A.B. asks: 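Below is a structure I'd like to ask you about.
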Amino acid sequence: MTSFQSYPTLKNPAGCILRVGKSSMSDQKLPTRSEDFSEWYNQLVIRAELADYAPVRGCMIVRPYGWALWENITAALDKRFKATGHVNAAFPLLIPRSFIDKEKSHVEGFSPELAVVTIGGGEELEEPLVIRPTSETIIGYAYAKWIQSWRDLPVLINQWNSVVRWELRTKLFLRTLEFFWQEGHTAHATNDEAEGETRQMLDIYTDFAVNEAAVPVIPGRKSDSERFAGAERTYSIEAMMGDGKALQAGTSHNLGQNFAKAFEIRYLDKNGELQHCWTTSWGLSTRFIGAIIMVHGDDQGLILPPRLAPFQLVIIPIYKTEDEKSGVMEVATRIRSELIAADIRVKVDEREGYSPGFKFNDWEMRGVPLRMELGPKDVAKDSVVFARRDRPGKEGKSFVSQQGIAATVADMLREIQKSLFDRALAFREANTQHPENYAAFKTAVEKGFARSYWCGRAECEARIKEETKATARCIPLEQSGGPGKCILCGEPAADQAIFAKAY
RNA sequence: CGGGGCGUAGCGCAGCCUGGUAGCGCGCCUGCCUUGGGCGCAGGAGGUCCGCGGUUCAAAUCCGCGCGCCCCGACCA
């Protein structure tokens, strides 16, 4: 441990001991989002030390700062899973190739992107093994063994793991060959129950996105073309990124009896009749980190929502002389203890040789929601200076007494959390249109979402995609306004859909 | 998998056209000095020039074949 690190306490172990380096990029400024959103994203991920490129194309190394963020995401989700009766388990990485082949649309959907192991221990394998692209099949195999009776149901299992899909075009967090996620798999006695579970988990993802990540999302149903390979119905939460494009941020599938039939997951009901189970699966991945970056970030860098930020507050001590330093550090240490006692994730930036100005910029780039500046003047006045990350410059600065500091910080973090959500929602609203005709629709999807009636036919969806590059992101659960006419063909349409260019 | 761009120090690049001692900026290390918005000075370390093959007295440079990365399109969490 070096001198600039703060030390963890049992009460507040996460985040405090993360060691950060100086940005290794030579250019001090990021590209702006308006000049090159994609490059802004790429450089930011690297410079903020969230992730790095791996030696294998399309793979990523998640660095400690990025993983700390992921851990906070997993904790928030896991808590919700447990609260709704789910338990965690671990299923194997390697799956017999034949398992994938058992469900027709599943194999069609996943075959092109499978990584296959053909040699083990130097010998050609009798049956190739695929590295799981998702675990429906191997879990189906296990459930078939475990489930005999209606008394065994429901089975509510989740696993935290990584999966591999051989994607052609990759981007850190958004689409990598290997990605980390959770996949929940449940089995039920009835279709109603399975549908209820599917919708419940969609609600949980929505709640997580809104209340933890401050990311407004639209929960909805996927069109047939966007449905998961092997699902009866797929639901997703869709979020708008800072460039107006859509990102699918979490999915929940009602698998019907497709996998139950493929793997003979059956139970004896109360009448003594053999029935196939109804299963679901649902997942949220490290892609969500990409959503947080692209929803909240600005031209200075990341802005992390306080509830998920590895560091919620960074204290920058300011001093010239040794005398000043000892005075400042004494107060900094005392404040840190108070904040840790209040469960606030805090870091004191004790790095020597970097100017305060440098540290301000450095932590802004890393997205720490709140900064405390603490110098000799503040020590003398028994006060501190706060700077809010979501309000750059003087506007976000305030001069506050050291008395009751923990409550002050907690309040400010709550405010920041709320303002991030409000801002993201306002941005989405400002970039969502309800076009009345196809010409207006085309303009709308150039820079945001178009919410329009759609007849539901694949032909219309395909033609829209071809002509505008926009796809049906989802059919929102919330539908108001009754039936209408399809934006393209004019035929009767029951529902509106969100159309947008997508990641 | 098609189109484009690029592989030279940790990062960003120059050098290549016209073959002949491998350079610049940032970062890194040491010391001094600074510190309330990306300080400064001095010294220093760091290179299979993506790989393989060819041409040549001589290849970062010319030729051929690979490999990789990034961006843009078709497929996907």
Side-chain angles (χ1 to χ4, degrees), chain A residues 21-30 36-39 41-43 46-47 52-59 108-113 133-134 162-183 205 222 225-229 234 236-239 246-253 281-291 300-301 316-321 324-325 328 349 351-365 371-379 384-385 387 392-394 396-397 399 465-466 469 471 501-503:
Chain A
K22 195 168 171 179
S23 160
S24 62
M25 307 290 285
S26 60
D27 301 312
Q28 293 195 321
K29 284 220 179 284
L30 290 165
D36 192 343
F37 194 83
S38 179
E39 194 51 28
Y41 178 89
N42 287 336
Q43 288 196 24
I46 299 295
R47 290 175 61 171
D52 205 347
Y53 293 102
V56 175
R57 176 195 75 85
C59 292
E108 283 167 7
F110 280 108
S111 281
E113 47 188 63
T134 177
S162 68
V163 292
V164 169
R165 300 179 187 176
W166 215 261
E167 301 290 347
L168 300 176
R169 229 180 111 194
T170 60
K171 191 159 178 146
L172 292 173
F173 289 120
L174 296 181
R175 187 177 295 106
T176 46
L177 294 201
E178 179 190 17
F179 59 88
F180 297 86
W181 72 345
Q182 54 70 216
E183 46 176 327
Y205 289 151
K222 282 293 196 182
S225 68
E226 300 271 337
R227 208 175 55 211
F228 175 75
T234 288
S236 71
I237 52 174
E238 300 285 332
L247 184 79
Q248 178 174 314
T251 52
S252 185
H253 315 289
S281 67
W282 27 276
L284 185 147
S285 76
T286 36
R287 168 181 267 194
F288 204 97
I289 292 176
Q300 289 298 311
I316 311 293
I318 298 161
Y319 48 79
K320 288 194 183 74
T321 64
E324 287 177 348
K325 179 180 176 183
V328 164
D349 188 347
R351 289 179 292 178
E352 297 284 351
Y354 295 110
S355 67
F358 176 88
K359 291 176 178 178
F360 296 169
N361 285 285
D362 197 42
W363 289 110
E364 280 170 10
M365 191 267 295
R371 175 178 79 235
M372 182 191 294
E373 302 170 16
L374 183 65
K377 295 179 205 164
D378 307 297
V379 171
V384 300
V385 178
K394 283 220 159 58
K397 289 217 182 190
F399 302 81
K465 183 176 182 181
E466 196 174 317
K469 309 243 190 293
T471 49
K501 294 182 189 173
Y503 276 95

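As the structure is a computational prediction, the values presented were derived from the model and not from experiment. Per chain, numbering begins at 1; letters A, B, ... match sequence-line order.
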A.B. asks: Contact class for T471(A) vs. all strands (heavy atom < 4.0 Å): base, sugar-phosphate, or nothing?
C.D. replies: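 It contacts nothing in the nucleic acid.
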
A.B. asks: Should E373(A) and K359(A) count as an ion pair when the cut-off is N to O under 4.0 Å?
C.D. replies: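 Result for this pair is no, no salt bridge flagged.
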
A.B. asks: Tell me whether the side-chain N/O atoms of K465(A) come closer than 4.0 Å to OP1 or OP2 in C75(B).
C.D. replies: yes

A.B. asks: What heavy-atom pair brings F173(A) and G290(A) nearest, and what distance separates the two atoms?
C.D. replies: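 In this case the closest contact between F173(A) and G290(A) is CB-N, 4.1 Å.
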
A.B. asks: To check you understand the geometry: which heavy-atom pair defines the closest contact between Y503(A) and R287(A), and what is its length?
C.D. replies: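 That closest heavy-atom pairing would be O-NH2, 4.2 Å.
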
A.B. asks: Which of the following nucleotides, G36(B), C39(B), G37(B), is nearest to the side chain of S355(A)?
C.D. replies: C39(B)

A.B. asks: Within the 4.0 Å heavy-atom criterion, would you say P112(A) contacts the bases, only the backbone, or no part of the nucleic acid?
C.D. replies: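 Touches nothing.
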
A.B. asks: Please give the nucleotide sitting opposite C67(B) as a Watson-Crick or G-U wobble pair, both distances under 3.5 Å, or none.
C.D. replies: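 Base partner found: G7(B).
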
A.B. asks: At less than 3.5 Å, do the side-chain atoms of R165(A) and the base atoms of C76(B) form a donor-acceptor pair?
C.D. replies: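 Such a pair does not exist between side chain and base.
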
A.B. asks: Whether the side chain of D362(A) and the base of G38(B) hold a donor-acceptor pair under 3.5 Å is what I'd like checked.
C.D. replies: no

A.B. asks: Classify Y503(A) by what it touches in the nucleic acid, base, sugar-phosphate, or nothing, heavy-atom distance under 4.0 Å.
C.D. replies: nothing

A.B. asks: Using Watson-Crick or G-U wobble geometry with both distances under 3.5 Å, which nucleotide pairs with A60(B)?
C.D. replies: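 Base partner found: none.
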
A.B. asks: Please name the nucleotide paired to U21(B) by Watson-Crick or G-U wobble geometry with both distances under 3.5 Å, or report none.
C.D. replies: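 No nucleotide pairs with U21(B).
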
A.B. asks: For a quick check of understanding: with a heavy-atom distance under 4.0 Å over all strands, which category does N42(A) fall into, base, sugar-phosphate or nothing?
C.D. replies: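 Sugar-phosphate contact only - N42(A) comes under 4.0 Å of backbone atoms but never of a base.
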
